[in-house]
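Since the structure comes first, as structure tokens, the remarks are kept for the end.
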Amino acid sequence: MEKATYNHSVTLREDKCKGCTNCLRRCPTEAIRIRGGHARIDASRCIDCGECIRVCTHKAKKAKYDLLSVLDPYTYKIALPAPSLYGQFNNLEDLDYLIDGLHRIGFDEVYEVSRAAEAVTAYTRRYLKKPGVKLPVISSACPAVSRLISLRYPGLCEHLLPIRSPMELAATAARKKALAEHPGLTSDQIGIAFISPCPAKISFVKNRPENDKTDVDVVLSMSEVYFALLGVMRQDIVPAHYSESGMLGVGWASTGGESTALFNEKYLAADGIENVIRVLDHLEDGSLSELEFIELNACNAGCTGGVLTVENPYIAGARLTNLRRTLPISRTMLRKEDGQDELFIPEEVCRPDPFTYEPAKALGDTFDEAMDKMARIERIYARLPDHDCGSCGSPTCRSFAEDVVKGEVTEDECIVNMRALIEDLAKRIDYRNFEKE
Amino acid sequence: MSAPLVYRYDIDGENFTSAGEASVKVKKSLRQLGLSQDIIRRVSIAMYEGEINMVIHANGGCATVSVYPEKIEIVLDDKGPGIPNIDLAMQEGFSTAPERIRSLGFGAGMGLPNMKANTDEMKIETTVGVGTKITMTVNVNR
């Protein structure tokens, strides 16, 4: 099973975890429990959204990513900057300085993800016009959202855009370009590094099935690259390397960018994982059917809000708006391919497999067993205080009742009920018995 | 197992934005029971439409969902105005929702027909001025 071995980027440093309930209560998929004094993440439920990293006051939650030094063995190093990187810098007036900076820290080539984003936009426009497509189409660019849908929203899997993400298209195009321009290079001498704003992209790359590997070799943290760039970026020189992004591609860094690039007003763009869940609930009920495109980003403000970024997402967004003003609309145009109709989408830009529903395990192997367990859950839940205090180590009273029935904890771990019981016992003790002795 | 699992939900008539919450909760429980996606979808659509109806017309009410091994029964009970003409109410596009509601995008006259289309049985008991009780059944074929 793919799920059992899912290799998450979001991890726990047990030595730093104090067993508080900050992450427990913020996890949107109830994947965290506090057991034995430390947080524990259920890999089958975690979507790598990074909310727990954001709220952990003890720095015990962190994202696993590759360090820049991982690239050392590669002969030819290619950087794939996510467009959110462009919003991190104060006083950056021209993207060329940043592209130049990436060369200065050791990259031989830079392929902007925003460039590939423009290609994805162009293919999405074609896809929306294809007859028989399930509308509204839901963006699959945010891997936390795609994973959430495949775990919880079976009815929506076929609405997910089957086109690969800008990161993947950029990696493939970058490798092709490098091999064509440098005939002496072999593919494994080329190291392609995505500069990621979030742990979800890292997990996405590290967990591809055999038939769906990306061309990304290394996933770097945006903050590490940011600090490396700070020391070398110079505005007093004429940059030697140039950005090839347009307004539309760079716009993908913020919520609404992917949607507005489609020039189709029948869209909804939402961000923040709680809002995303609410929109998905509505979509699954069949409301919002008048829309054609749904853009959902797990992080507030979009990719600029990823936990590996440095700058506040709204400040980054304002800078991006300013930078975009000086760019042409788009620099990647699709031409009608020879012998193909104008809605043609090449196979290599599509996912090999459609998104499929991978539900969390049902309560029992048989329906009778599940019914029996559910009845026990309801009985236990009815006895609980419904405070959702989290002191028992489960995020809600409801999930605690489920954990009791699964045999993971015992009901006496409910601190609120236990305290009431002890108070009751204390009242019944006759202190005169002690005085006699 | 002979006793059904019973879920009761109070539908708050004051609050339009919370309509659909019971439907989401039912969906979650049915999923944990391992029921098929088709069953879950039908129950949740019928529930959702019923909830909205009770909010629009009856100032809320009560929804009871009973899960039996062979069927799921949904009972929607309200103390609303009642339905004077059921045949008319069952027609697609017929609606008595006030303009205020329509301006919110509801009241298209598809609620009851959609509930009927998604369930195997639907029974409406209604008395004008007293209230309405709708009993819907979705059969589970295993």
Side-chain angles (χ1 to χ4, degrees), chain A residues 28-30 44-45 149-159 268 274-275 277-291 356-382 386 396 398-399 401-403 405-406, chain B residues 1-9 16-52 64-72 104-108 110-111 113-115 117-118 140-142:
Chain A
T29 59
E30 296 189 345
S44 69
R45 289 187 179 194
I149 291 174
S150 61
L151 292 177
R152 284 236 294 246
Y153 297 94
L156 299 178
C157 289
E158 54 185 1
H159 289 259
L268 175 158
E274 301 298 334
N275 288 326
I277 289 173
R278 245 166 269 149
V279 170
L280 290 173
D281 285 339
H282 277 294
L283 277 171
E284 200 172 44
D285 285 334
S287 36
L288 308 176
S289 57
E290 69 279 18
L291 298 173
T356 49
Y357 180 41
E358 299 162 17
K361 237 175 129 264
L363 281 171
D365 295 330
T366 65
F367 184 71
D368 285 350
E369 190 192 339
M371 282 276 278
D372 185 44
K373 282 190 176 167
M374 189 62 102
R376 282 171 58 206
I377 290 170
E378 296 300 335
R379 280 198 300 274
I380 294 167
Y381 177 56
D386 220 2
T396 60
R398 172 98 210 165
S399 57
E402 289 172 19
D403 293 344
V405 170
K406 284 181 195 157
Chain B
M1 278 298 301
S2 50
L5 268 172
V6 182
Y7 298 93
R8 276 178 59 90
Y9 304 96
F16 232 106
T17 51
S18 69
E21 276 177 9
S23 158
V24 170
K25 284 182 188 155
V26 167
K27 207 187 311 186
K28 198 178 166 202
S29 298
L30 297 185
R31 223 167 258 167
Q32 283 181 308
L33 288 172
L35 284 160
S36 78
Q37 183 44 35
D38 180 56
I39 300 283
I40 295 171
R41 188 186 57 81
R42 288 167 58 202
V43 170
S44 111
I45 291 175
M47 273 288 289
Y48 181 79
E49 297 287 10
E51 271 186 79
I52 296 279
T64 311
V65 180
S66 309
V67 185
Y68 298 85
E70 71 287 353
K71 66 174 184 186
I72 294 157
L104 295 171
F106 295 98
M110 292 304 293
N114 212 7
M115 284 154 72
N118 281 289
V140 181
N141 304 312
R142 241 183 310 273

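Letters A, B, ... are given to chains in the order of the sequence lines, protein chains preceding strands, and every chain is numbered from 1.
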Give the intermediate values and the outcome of side chain to side chain contact (heavy atoms under 4.5 Å, CB included) for residues B/Q32 and A/E402.
CA-CA 10 Å; B/Q32 283 181 308; A/E402 289 172 19; 3.1 Å; yes
Interface residue of largest heavy-atom contact number with chain A, from B/S29, B/G34, B/S44, under 4.5 Å:
B/S29
Please round to the nearest 0.5 Å and tell me the distance separating atom OH of B/Y48 and atom CD of A/E284.
12.5 Å
Interface check, chain A: of B/E49, B/R41, B/M47, B/R31, most non-hydrogen pairs under 4.5 Å belong to B/R31
Checking heavy atoms, do the side chain of B/V6, its backbone, both or neither come under 4.5 Å from chain A?
neither
Taking all heavy atoms of B/V67 and all of A/M371, pick out the closest pair and write down the distance.
O-CE, 3.2 Å
Measure distances from A/E369 to the heavy atoms of chain B and classify the residue's part below 4.5 Å as side chain, backbone, both or neither.
neither
Relative to chain A, which segment of B/Q37 carries a heavy atom at a distance below 4.5 Å: side chain, backbone, both, or neither?
side chain
Of all heavy-atom pairs linking A/D281 and B/K27, the shortest is O-NZ, 4.3 Å
Nearest non-hydrogen partners of B/L33 and A/F367, listed with the distance
O-CD1, 3.8 Å
